[in-house]
Structure formats: structure tokens, C-alpha cells
Amino acid sequence: EAGVAQSPRYKIIEKRQSVAFWCNPISGHATLYWYQQILGQGPKLLIQFQNNGVVDDSQLPKDRFSAERLKGVDSTLKIQPAKLEDSAVYLCASTSGRTDTQYFGPGTRLTVL
Amino acid sequence: GENVEQHPSTLSVQEGDSAVIKCTYSDSASNYFPWYKQELGKGPQLIIDIRSNVGEKKDQRIAVTLNKTAKHFSLHITETQPEDSAVYFCAASMTGGYQKVTFGTGTKLQVIP
């Protein structure tokens, strides 16, 4: 089966600009996660969707970050405006719910200058 | 919330030797402990997991042990090979497929040929 797809793979922007990342989970996976991974750290959960509903967004900086999963399939994470500290790899993961295994995409490396 | 600590942050071993990575967790309600391997430029990939009703699990050269009383778990890699070089993350959560996963800070393993 196809894995989790993410695009773009790399993005460089100036601070205060906006950026959007796209994720397409494994087919049939109801749960989708967005993580932020700062260099040298473990992934930190930003938001978790169950179908098109938000399960957990307690660590999402809502003043600048937003995410949606309108049809319960693919998802978009947006940052507006970006700050220097947003430089990180943004990982998307999905799980079917029948197991506990999360499957990760390759990530989008964001550099904010 | 859950807090996962991981040691060491870097580990160098000679090819053929064993490598051990240790993690502790804080939330006694956690009962699912996956280990992920992350290669450069890729997303984390599950390599083994253990649930709290099991004290040890083995899969070829990889084994995990869990001490619920002490709230710590470990990853053991025997007969290390150069392709084992990567960053390894431990994590903790509750089972159920939709639970939040908390990751450790990662261990960069280098296997020297």
C-alpha cells in the first residue's frame, strides 16, 4: 500500500510570510496527526484529527498555525505569519485505529530566514 | 501530561557490538511503548513496540524490555550493523489507536565498521 505522502519536501521563506503544507494519509486511515520536529528533538504533536474532527490541538499555536481536514482524507497545515522559531521538520502521520501503529510521511523541512 | 526522557543522546559502537538505549516515562497510565528509527531525510518508522502486559519482546536482533514499577523501558540491538546507524526515538502512550504519543528526545546511534 502507498505510504503517507507530504509536499513540499522543502520550503524556505522569510519571516512573517505564510506557508502551507499538504498531507495525504494512507488510504482508509481515519486518524491523522501533524507533528513539529525541531532539530535534535523528538516529534511534538501539533494537532490530531479523527476523520474531519479535531481530537487534540492543545499544543497548536493557534494565533499563527491552522490546520484542516475538510473531507476526512488529506489535510493542510498553515503557518501565518511565520517566525524564525518555526524552522523545523513538519511530519504527518496516520493510523487506522485498528492498531496503535502510526505511519509517518517523509516530512517537510521548513527554513524561516 | 506524559514526559519521556531518553538516554544517551549519542551512542557510538563498533560493528558487531550491542547497543542499549534507555527511556523513562512519568504517567503510570501509559501502557504502550513504541520505538521508532529515523534515517536522514525520512520520517520515523516503527521498529518494535511493547505493551504493559509484557515484560520483554524480541524481534531478531532487536529486543525491548519494560519495567512498569520503575517506569522505564529499554531498546537492545545486538550484533549491530552499519545500517543500524540512525536516530532512535522511544515513545509512550495509551492503547486505543487515537491516543496521544509522547516522544523522547532521540538517540543518534553510529555503528563504526
Side-chain angles (χ1 to χ4, degrees), chain A residues 2-10 21 23-26 28-51 53-60 69 72 88-109, chain B residues 1-11 21 23-25 27 29-54 57 59 64 75 86-109:
Chain A
V4 176
Q6 289 188 248
S7 67
R9 292 295 314 278
Y10 306 93
F21 313 126
C23 171
N24 190 31
I26 293 173
H29 280 198
T31 307
L32 184 148
Y33 309 80
W34 282 103
Y35 289 90
Q36 180 191 59
Q37 186 176 24
I38 293 172
L39 187 65
Q41 298 182 19
K44 184 187 83 170
L45 180 69
L46 292 175
I47 190 167
Q48 176 182 345
F49 290 96
Q50 174 66 19
N51 294 311
V54 176
V55 174
D56 184 349
D57 64 356
S58 58
Q59 296 192 84
L60 186 74
R69 193 184 184 199
V89 175
Y90 291 84
L91 295 163
C92 179
S94 69
T95 180
S96 67
R98 294 185 298 275
T99 73
D100 297 302
T101 303
Q102 291 192 18
Y103 296 87
F104 284 84
T108 296
R109 181 176 296 277
Chain B
E2 175 65 274
N3 182 51
V4 177
E5 295 189 356
Q6 183 172 347
H7 300 280
S9 57
T10 60
L11 180 59
I21 302 171
C23 290
T24 60
Y25 62 99
D27 189 348
S30 292
N31 58 3
Y32 174 64
F33 306 92
W35 285 88
Y36 288 85
K37 176 182 180 182
Q38 187 173 27
E39 297 175 327
L40 198 61
K42 298 183 178 180
Q45 181 180 16
L46 180 73
I47 55 172
I48 196 167
D49 56 15
I50 190 168
R51 288 170 172 75
S52 59
N53 59 345
V54 175
K57 183 177 179 180
D59 182 4
V64 291
L75 176 72
V87 178
Y88 291 81
F89 292 97
C90 61
S93 79
M94 289 182 284
T95 55
Y98 311 132
Q99 301 298 333
K100 177 180 177 179
V101 177
T102 302
F103 286 81
T105 50
T107 297
K108 185 175 182 179
L109 174 64

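Quick note on labels: first sequence line is chain A, next is B, and so on, each numbered from 1. Keep in mind the model is a prediction, meaning the values are calculated, not measured.
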Measure B/Pro34 against the heavy atoms of chain A and call it side chain, backbone, both or neither at under 4.5 Å.
neither
Please flag which part of A/Gln37 lies under 4.5 Å from any non-hydrogen atom of chain B: side chain, backbone, both or neither.
side chain
Partners meeting side-chain hydrogen bond (donor to acceptor under 3.5 Å, both in side chains) with B/Thr107 (sequence neighbours left out):
B/Gln6
To the nearest 0.5 Å, what is the distance between OH (A/Tyr35) and CZ (B/Phe103)?
4.5 Å
Just verifying a value: how many Å separate B/Gln45 CD and A/Thr101 OG1, rounded to the nearest 0.5 Å?
11.0 Å
Heavy-atom proximity to chain B below 4.5 Å, by part of A/Arg9
side chain
Note: A/Leu91 and B/Gly43 closest approach over all heavy atoms is CD2-CA, 4.1 Å
